[in-house]
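What follows is a single structure, written as C-alpha cells, with notes after it.
All values below come from the heavy atoms of this structure, side chains included, with hydrogens, waters and symmetry mates left out.
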Amino acid sequence: MTFIQILSQLAGGMWVSIQIFVVTLVFSLPLGLLVSFGRMSKNRVIQAIVKFYISVMRGTPLMLQLMVVYFGPYYLLGIKVSNDYRLIAAFIGFVINYAAYFAEIYRSGIQSMPAGQYEASRLLGYSKTQTFVRIIFPQVIKRILPSVTNEVITLVKDTSLAFTISVLEMFAVAKAMASSQTSLIPFVAAGLFYYVFNLVVAVGMEYIEKRMNYYE
C-alpha cells in the first residue's frame with residue numbers, strides 16, 4: 001500500500017479530528033467566558049460551584065472525562081446509547097474540559113486590568129456592560145491570546161484521545177491500519193497530519209495576533 005493510498009484511507013479520520021477541533025473551539029470559547037463570570041461572581045454559592053467544576057475538569061484526565069460522558073447515561077440512568085452518541089460524547093467531553101481551561105485564562109486576563117480603566121469609563125458615563133464590551137474585553141483578548149494559542153495547539157493533539165471511546169478519528173484509524181498492515185507508515189502519516197494541522201493553527205493564531213497589534 002502506497003503512502004497516498006494510506007492518506008486516502010485516513011481521510012475519514014482526518015475529517016472527524018477536524019470536526020472535534022472546530023466544535024470544541026466554537027462552543028468552549030464562549031462557554032469559558034460565561035464560566036469565568038461565574039468564577040468571579042460575588043455570589044459565594046455560584047462561585048463555589050463554578051470553582052469546583054473548574055477544579056474537577058482541570059484536575060482529572062480528559063480521557064477519564066470522555067469515558068464518564070459516554071458511559072454515564074447507561075451506568076447512572078440506565079439509558080442505552082447508540083453508536084452515533086460516541087461522537088456527540090466526544091464533543092461534550094472536549095467542550096466542558098476546554099471551557100474550564102479557557103475560563104481561567106479569561107479570568108486572569110480580566111482581573112489583570114487596572115482599576116483605573118473602570119474608573120475612567122464610569123466618569124465617561126459608560127454602563128458596566130458598555131465598559132466591559134467596548135473597553136475591557138478588547139484589551140483582555142489581546143492579553144490572553146498567547147495563552148489561548150497554547151491551548152488551541154494542545155487541542156489539535158488532544159483530539160486523538162477520542163479513540164478511548166472508539167471514535168474513529170485520525171489516531172484510531174491509523175492504529176487500526178498499522179495493526180492490519182503491520183507497518184509504522186500509518187502512524188507516520190498521522191503524525192504528519194498532526195504536525196501540519198498544528199503548523200496551520202499556529203500560523204493562523206500568529207496572524208491574528210499581528211493584526212490585533214496592527215490595529216492597536
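- The two atoms that bring Arg39 and Gln47 nearest to each other are O-CG, 3.3 Å, heavy atoms only.
- A side-chain contact (heavy atoms from CB on, under 4.5 Å) with Val35 is found for exactly one of Tyr106, Tyr101, Tyr53, namely Tyr53.
- Taking the side chain as every heavy atom from C-beta outward, Phe37 and Ile110 approach each other to under 4.5 Å.
- Judged by distance alone, the side chains of Gln19 and Glu169 never bring a donor and an acceptor atom under 3.5 Å apart.
- Side chains of Gln111 and Arg107: a donor-acceptor N/O pair is present below 3.5 angstrom, by distance only.
- Once rounded to the nearest 0.5 Å, the distance linking CD1 of Ile144 with CG of Asn150 reads 12.0 Å.
- The heavy-atom pair separating Leu62 from Phe94 by the smallest distance is CD2-CE2, 3.6 Å.
- In this structure, Glu119 does not pair ionically with Arg122, as no charged nitrogen and carboxylate oxygen lie closer than 4.0 Å.
- Contact check for Ile92 versus Tyr70: no side-chain heavy atoms found under the 4.5 Å cut-off.
- Considering all non-hydrogen atoms of both residues, Leu10 and Met170 come closest at O-CE, 4.0 Å.
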Side chain to side chain contact (heavy atoms under 4.5 Å, CB included) assessment of Val23 paired with Phe27: CA-CA 6 Å; Val23 170; Phe27 288 97; 3.8 Å; yes
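- Taking the six-membered ring for Trp and the full ring otherwise, the centers of Phe187 and Tyr194 sit at least 6.0 Å from each other.
- Between the side chains of Gln130 and Ser121, not a single donor N or O lies within less than 3.5 Å of an accepting N or O.
- You'll find the ring centres of Phe21 and Phe197 inside the 6.0 Å limit.
- The two residues Ala202 and Ile153 have their closest heavy-atom pair at CB-CD1, 4.1 Å.
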